[in-house]
Amino acid sequence: MIPAIGLLVGIVVGLLLHPAVPLWLQPYLPIAVIAALDAVFGGVRAVLDGIFVDRVFVVSFLSNVVVAAFIVFLGDQLGVGTQLSTGVVVVLGIRIFSNVASIRRHLFKA
């Protein structure tokens, strides 16, 4: 429940303040958002499964964002940024859809 409240507060603050993203950070922001969504859906799944641990959620959230951003940064340095970005999106997308499917099965008993 607390992560959901934190997420909602963050969204509202972002909508009200309209923060400007620095140019150097713009290539990493979409990947960081996808990594954060992966952690959020994993947290929701853990809550429904009754195994949610707040420390695990925070570490998962932060490490997903940092690792995904690092992979994109490394790809930019190697000159293959779009390929590694696509790889990150595919892997995290698969995890997100897997978690959503599990959440759906739990909620609808199907």
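All heavy atoms count here, side chains included; hydrogens, waters and symmetry mates do not.
The distance from the CZ atom of Phe73 to the OG atom of Ser85 is 13.0 Å, given to the nearest 0.5 Å. Of the inter-residue distances, the one linking Leu7 atom CG with Leu37 atom CG reads 8.0 Å to the nearest 0.5 angstrom. Atom-to-atom distance recorded for Tyr28:OH and Ile71:CD1 is 12.5 Å, nearest 0.5 angstrom.
The shortest side-chain heavy-atom distance between Leu48 and Arg45 does not fall under the 4.5 Å cut-off. Val89 places a side-chain heavy atom less than 4.5 Å from the side chain of Ile31. Within the 4.5 Å cutoff, the side chain of Leu74 has no heavy atoms near those of the Val80 side chain. Counting heavy atoms from C-beta outward, Leu62 and Val58 have side chains that approach closer than 4.5 Å.
When the side chains of ILVMFWY residues are joined at heavy-atom separations under 4.5 Å, either directly or via intervening members, Val72 and Leu78 end up in a single hydrophobic cluster. Ile51 and Val59 sit in two unconnected hydrophobic clusters of ILVMFWY residues. Membership requires side-chain heavy atoms under 4.5 Å apart, directly or through other members. Note on Phe108 and Val44: same hydrophobic cluster, where clusters join Ile, Leu, Val, Met, Phe, Trp and Tyr whose side-chain heavy atoms are under 4.5 Å apart, directly or indirectly. Linking Ile, Leu, Val, Met, Phe, Trp and Tyr residues whenever their side-chain heavy atoms come within less than 4.5 Å leaves Val33 and Val66 in two separate clusters. In the hydrophobic clustering of ILVMFWY residues, with side-chain heavy atoms under 4.5 Å counting as a link, Val88 and Leu29 come out together.
Listed by chain and number, the hydrophobic cluster partners of Val90 are Ile94, where partners are ILVMFWY side chains within reach of under 4.5 Å, directly or through others. Val56 belongs to a hydrophobic cluster whose remaining members, ordered by chain and number, are Val53; membership requires side-chain heavy atoms of ILVMFWY residues under 4.5 Å apart, directly or through intermediates.
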### Task
Kindly indicate, with the supporting measurements, whether the criterion side-chain contact (heavy atoms from CB on, under 4.5 Å) is fulfilled by Arg95 and Val100.
CA-CA 9 Å; Arg95 289 173 42 111; Val100 169; over 6 Å; no
### Task
Take Asp38 and Ile34 through the test side-chain contact (heavy atoms from CB on, under 4.5 Å) and record every step on the way to the result.
CA-CA 6 Å; Asp38 173 48; Ile34 291 172; 5.8 Å; no
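Gly43 and Phe52 make their closest contact through O-CD1, 3.6 Å (heavy atoms, listed as atom of the first residue, atom of the second, distance). Scanning both residues, Pro19 and Gly14, for their nearest heavy atoms gives CD-O, 3.3 Å.
Taking the salt bridge (Lys or Arg N to Asp or Glu O under 4.0 Å) definition, one finds that Asp76 meets it with nothing, sequence neighbours left out.
In this structure, the side chain of Ser102 does not engage the main chain of Ser98 through any donor-acceptor pair within 3.5 Å.
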